[in-house]
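In what follows, chains are A, B, ... by sequence order, proteins preceding strands, each numbered from 1.
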Protein chains: 2
Amino acid sequence: MATLKDVAALAGVSVKTVSNVVNGYAFVKPENRRRVEEALVTTGYRPNLGARNLRRGRTGFVALVLPELVVPYFAELAGLVLGAAQEHEWNVLIEQTLGTREGERDTLASLGPHMIDGAIVSPEALQARDFGELAPGIPVVMLGEHSVDLPMDHVGIDNVEAARAAVAHLVGLGRTRIAAIGAHPHRGTAAQRLEGYRLALTEAGLPVRDELVATALNYHRRDGAEAMTRLLAAAEPPDAVFCFNDLLAVGAVRAAVERGLRVPADVAVVGFDNTEEGAYSLPSLTTVAPDKAAIARAAVDLLRRRVEDPERPPEHVRTPFSLEVRESTRGDA
Amino acid sequence: MATLKDVAALAGVSVKTVSNVVNGYAFVKPENRRRVEEALVTTGYRPNLGARNLRRGRTGFVALVLPELVVPYFAELAGLVLGAAQEHEWNVLIEQTLGTREGERDTLASLGPHMIDGAIVSPEALQARDFGELAPGIPVVMLGEHSVDLPMDHVGIDNVEAARAAVAHLVGLGRTRIAAIGAHPHRGTAAQRLEGYRLALTEAGLPVRDELVATALNYHRRDGAEAMTRLLAAAEPPDAVFCFNDLLAVGAVRAAVERGLRVPADVAVVGFDNTEEGAYSLPSLTTVAPDKAAIARAAVDLLRRRVEDPERPPEHVRTPFSLEVRESTRGDA
DNA sequence: CATCGTTGATACAACGTTGTAAAGCGGTCG
DNA sequence: CGACCGCTTTACAACGTTGTATCAACGATG
């Protein structure tokens, strides 16, 4: 591997002059610049980023900390963050926490204060406030969970509003026994979506029944199917279900169909996340569609600004969402 | 951020002694060791990996280069590679090439010979042999494409055999007009799966008809739907389809259903990759199931061995696969 | 008692890069 | 003609870590 020293020797100049050429320093005699550039090519020089970063104090790496890549929402988001980071010449280190508190702690602890310039974190089990302690001094942007009182940068949609819109849509279809799947004891976003659900019901003059709220400890397809099965076993089963993510919805649809029900005729289903999978499933899923590209862009941008100025006041960015109405709530499925 | 120097000052020993304690060097007086360990805790010392790696020549990073994370197969695989790498104390840097030749070139070039100890690459557009030129000296393990003549480590299933098994299954159901979706001018795996398809047909005494082989330039759901639509528009439409991945299969199923056909009664569908999505779709997908965990483990393991001994002869690891039979080819959907 | 090996600690250099300070050069101005 | 300025280049130190060499103290061995 060629180093600056090798290039300098070949071009007959000092190491620093080569460094200057590489970094675009203005005052280099054209003759020398030419010679150096030639030497750069013939040696195939590539800067040693480790050394450069040691000197500069920046590493050029950001961590993206998320629960699991098998969840399409996170996979899609990760892809977009990768793209957005690339534009800022950042490399992205993806860490999976598997949603456990330990996983999230270990990840942040082992990441260390050195190898990354900052982190974009999608917390699940871990309380947001833990991050300040675990990763002191590391610029962190939070995704998803919305806790205005915390002094951290944050990007996300208005979960209460989004859930409300989704349930209002079901109300508009004339459904009266509307269930929710995805309640969770510790997840902030779950609490918010549940609140939106309750709000929408109350506004429509419908009762909020506890037996129509199903808990899901994970947000996988299996959990959606299990929750739906429980709901359908009740004396008065729901005629509509609002699921807190698309995977739960896919599982719920499958469970309903396996019991011989028609979607949406017998039970309408709404998901959340607008994953591609939901657009092609049978029936295709009506879903809350957050602007994932906007989230990715905002997160990377926020992180960049935070790295540049650690003292700036924390910012909360609300990204837009829309409701994508498809077959799972439309008549013509 | 505390450095070795700070810890040394606090403990009243030299920097090197602290380094020795940190690295588990045996001969340190118990008294000093105690003092150092205490100082390590109170300062909250974390090693600067950049500096350590600069010195050691290893970085502790591996790159995972793949087309796109929105493709569930790659997302699932990435998750497994992350886990396997963690066991070897490697951090994983995920790079998306978007399947373009430029993307793959740029990625490898920019990764540089310095920041990573090695790379696990799932090539798509790029020819395998280009890698030797682009990333000279970087240990690389290839995934998926199987080209025995290349002197590189490689992990993958036997694509010809797998495709043959899938098509043989359709033959066994009594289907006679079996189509294939996913032919591709440049992809090695596509060629192999096509070969397996042809083999199975020939073995069954069925003709191989060109009009039943549909090309797909990408392997997304949309491409599967489009290809299926083309196939169904023919004078004699197929009664079964073998798709080269699950996404194509999902799209194909959707297109068939939209035209009023029943799956599998009118047309049976087989996918490839055994993504979770296919297990929950309606109907659930019969699919070729590669052992993804085995692939991930083998790839990381191969890379570790290659890093340790760059001179060892290249190895080709065949991982097992099975055929997961589900509703899309079974009667009871 | 000289020699040796073991245990324990340290100084120094080096990894490859870049910021700082400074110096060499030529020209212009007072 | 000396001072000063702008351009160009360089030597040096430093980022934080670890390998090598060295040194000191000590007990055991010949």
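Applying the 6.0 Å contact sphere to CZ of B:R33 captures more than 12 heavy atoms from other residues, nucleotides or ligands.
A distance of 11.0 Å separates NZ in A:K292 from CZ in A:F74, rounded to the nearest 0.5 Å. Atoms CD1 and CD, on A:I120 and A:E95 in that order, are 13.5 Å from each other to the nearest 0.5 Å. Separating the CG atom in A:D117 from the CD1 atom in A:I138 is a distance of 10.0 Å, to the nearest 0.5 Å.
Residue A:S14 places its side chain closer to D:dT10 than to any other of D:dT10, C:dA9, D:dG16. The side chain of A:V28 approaches D:dT9 more closely than any other nucleotide in the set C:dT17, D:dT9, C:dG8. Closest to the side chain of B:K29, from the set C:dA9, C:dC15, D:dT8, is C:dA9. Each of D:dT9, C:dC15, C:dA9 was ranked by its minimum atom distance to the side chain of A:N32; first place goes to D:dT9.
A:Y25 places its OH atom 9 Å from the P atom of D:dT8, with the value rounded to the nearest Å. To the nearest angstrom, P of C:dG19 lies 12 Å from CG of A:N53. The separation between A:F27 atom CZ and D:dC7 atom C1' is 7 Å, rounded to whole Å. Rounded to whole angstrom, the span from the CZ atom of B:R33 across to the P atom of C:dT7 amounts to 13 Å. Residue B:D6 contributes atom CG, which lies 13 Å from atom C1' of D:dC15 at whole-angstrom precision. The distance from atom NZ of B:K5 to atom C1' of D:dA13 is 12 Å, rounded to the nearest whole Å. The CG-C1' distance, from B:L49 to C:dG16, rounds to 17 Å in whole Å.
Less than 6.0 angstrom separates the ring centroid of B:F61 from the ring centroid of A:F61.
We find that A:D301 and A:R305 are joined by a salt bridge, their nearest charged nitrogen and carboxylate oxygen being less than 4.0 Å apart. A salt bridge links B:R34 with B:E31: the distance from a Lys NZ or Arg NE/NH1/NH2 to an Asp or Glu carboxylate oxygen falls below 4.0 Å.
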For this session: If a protein heavy atom is under 4.0 Å from the base, mark B; if only from the sugar-phosphate, S; if neither, -; do that for nucleotides 18-28 of chain D going 5' to 3'.
Result: BBB--------
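For the pair A:T17 and D:dT9, the criterion of a side-chain N or O lying under 4.0 Å from OP1 or OP2 is not met.
In terms of position along DNA chain C, the nucleotide closest to B:L54 lies nearer the 5' end than the nucleotide closest to the other residue of the pair B:L54 and A:N20.
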